[in-house]
Amino acid sequence: MEVILGLDQGTSSSRAVLVQLDGKLSHTAQGELPQMYPQPGWVEQDPEAIWTSQAAAVRALLSESGLDPSEIHCIGITNQRETTIVWERATGRLIANAIVWQDRRTAEYCRELAGQNANGASVETMVRDKTGLILDAYFSASKIRWILDHVPAAKAQAWAGQLAFGTVDSWLIWKLTGGRRHITDVTNASRTMLFNIHTLQWDDDLLEIFGVPRSMLPEVVDSSGDLAVTSELVPGIKITGIAGDQQAALFGQMCIRPGMAKNTYGTGCFLMLQTGSKPVFSKHKMLTTIAWRVMGETMYALEGSIFVAGAAIQWLRDGLGILKSAPEVEALAASVPDSGGVVFVPALTGLGAPYWDPHARGAMFGLTRGTTRAHIARAALEGIALEVADIVRAMESDAQESGAGMRVQELRVDGGASTNDLLMQMQADLLDIPIVRSQTAEATVLGACYLAGLAAGVWSDVEEVARQWHESRRFEPRLHADERDRKLAAWKQGIQRARGWDAGSE
Ligand code: ADP
């Protein structure tokens, strides 16, 4: 029986899964992956450990499932995005640890760049126009620059054509092909800050600004196609799907038409709205990114992230000690009919989209003598749903202003906190649209496998793949408009006050 092998290389773990040709997930295996914090704000990983943990997950999967590698039809890869790896082309020797997407060491450099001009234009505007991204340390370009500036001899080696850069997809494929293929797909390329999302080419202006030689960069390929053939681990198998994790999830949730959106409720939230074959540029600090390039067609998306979502529930558990486990929050919050007037802005590490305010701090308003932990739990869940509602509304107005004129009809959801029925009902109420949970919680890796299967002839077109997706539960909006408006107004006030906070010493 043939299967698709899916690799899901995430920040905290490497996973491998088997997907049957009828689209069902049959086996999974997983290994943890450590992160290193050598200085405050720095986050690194050992690229060798990224590879060995991924390889170990594949071996475990094969031995647990009893599958013969010859039964693997094709491979799909999805990965943590933006994380930056540099190695020597000739030897494969790593010249530095991977700088993980969360790493902030280049924040000051990015701030300085944002104030500069290049070729008569503001760098900040140029970056935004060409890449769809906000000039920030998250993306790969400033991380590559840091490695070239700080690793002895790296700059000279790079300009001599001896070094290769890759995001995690490139690195895994380099390893899987014994150094024969140095590629990345358009979704991963679109997060490097060196890739022009209009021309789908590495951009000379951006390479110059960041001081990165073109010779370091991988060849950019579609998200689905005959992309590489393995020679290591499971030799002789075609790699036919690649996408960064959030894009893979958007595809896995089968948001295949403009106006379809997904949200992943994990530690943070990642929202993506598919906007069709032309990029929509945001006036509300959303990122514009490539959703995928499949069968010669490029789709774009708006992306908004929230840093603290499920993490606010962790804080109720670990910081306040009012819960023993995260899932308990649902029963506690449901034990009261409303939040008793409490508004909780979960900006514990600043605010992401649409505010991008790193100085904002978490806040609770409306406390009275009658406030109980149940009210606080309820307000925390509402806070998460309100953050998400802000993003969806901002994306909709971006899409409308750009002429794409779409309304989000429903939100497809996944991630650990999406199992909370009360939170999903609140989300439906606050957005006034249905919230739809899919039958599988594995949208990300399934997305990569769908991309792979599509190119390998398992499915003939995207519509056929879309038939693999099934809904498990739908939450319809039930809240009266007046009540919704009241909640949104209180939230707006809460946000304003959380942003006005001056931490003084920071
Ligand atoms: P990640 O992939 O970011 O590690 P997960 O998708 O595994 O996150 O989700 C874990 C997060 O979801 C944690 O922050 C946890 O507090 C939160 N969480 C888990 N279960 C629930 C629940 N029933 N209600 C609300 N939040 C939850």
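Here the structure is a predicted model, which is why all the values come from computation and not from measurement. FYI, side chains are in, hydrogens and waters are out, and symmetry mates aren't considered; it's all heavy atoms of this structure. Just follow the structure's listing: the first ligand is 1, and inside any ligand the first atom is 1. Throughout, residue positions are numbered sequentially from 1 according to the sequence presented.
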CZ (Arg59) with more than 12 external heavy atoms under 6.0 Å:
no
Looking only at non-hydrogen atoms, the one of Cys269, Gly268, Ala441, Gly416 nearest atom 5 (P) of ligand 1 is Gly416
* Heavy-atom nearest option to atom 8 (O) of ligand 1, drawn from Pro327, Gly266, Ala331, Ala377 ->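 Heavy atom nearest to atom 8 (O) of ligand 1 belongs to Gly266.
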- Message: Could you check whether any side-chain N or O of Tyr355 sits under 3.5 Å from a backbone N or O of Arg499, counting only pairs where one atom can act as donor and the other as acceptor?
- Response: no
List ligand 1 atoms under 4.0 Å from Gly415, heavy atoms only on the residue side.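 Those of ligand 1 that fall under 4.0 Å from Gly415 are 6 (O).
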Using heavy atoms and a threshold below 4.0 Å, how should the contact between Val329 and ligand 1 be classified: side chain, backbone, both, or neither?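 Answer for Val329: side chain.
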Review point. Under a 4.0 Å heavy-atom limit, does Ala311 contact ligand 1 with its side chain, its backbone, both, or neither?
Key: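 Contact part for Ala311 vs ligand 1: backbone (N, CA, C, O).
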Of all protein heavy atoms, the one nearest atom 3 (O) of ligand 1 is Thr267 OG1, 2.6 Å
If you measure every N/O of Leu423 against every N/O of ligand 1, is any gap under 3.5 Å? no
May I ask you to check whether Glu330 has an N/O atom sitting below 3.5 Å from an N/O atom of ligand 1? no
- Is the closest heavy atom of Gln314 to ligand 1 under 4.0 Å?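 Under 4.0 Å: yes for Gln314.
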State whether a side-chain donor-acceptor pair under 3.5 Å links [X] with [Y].
| X | Y | value |
| --- | --- | --- |
| Arg191 | Thr289 | yes |
| Arg293 | Thr298 | yes |
| Lys24 | Ser26 | no |

By side-chain contact (heavy atoms from CB on, under 4.5 Å), Gln493 pairs with (sequence neighbours left out) Arg497
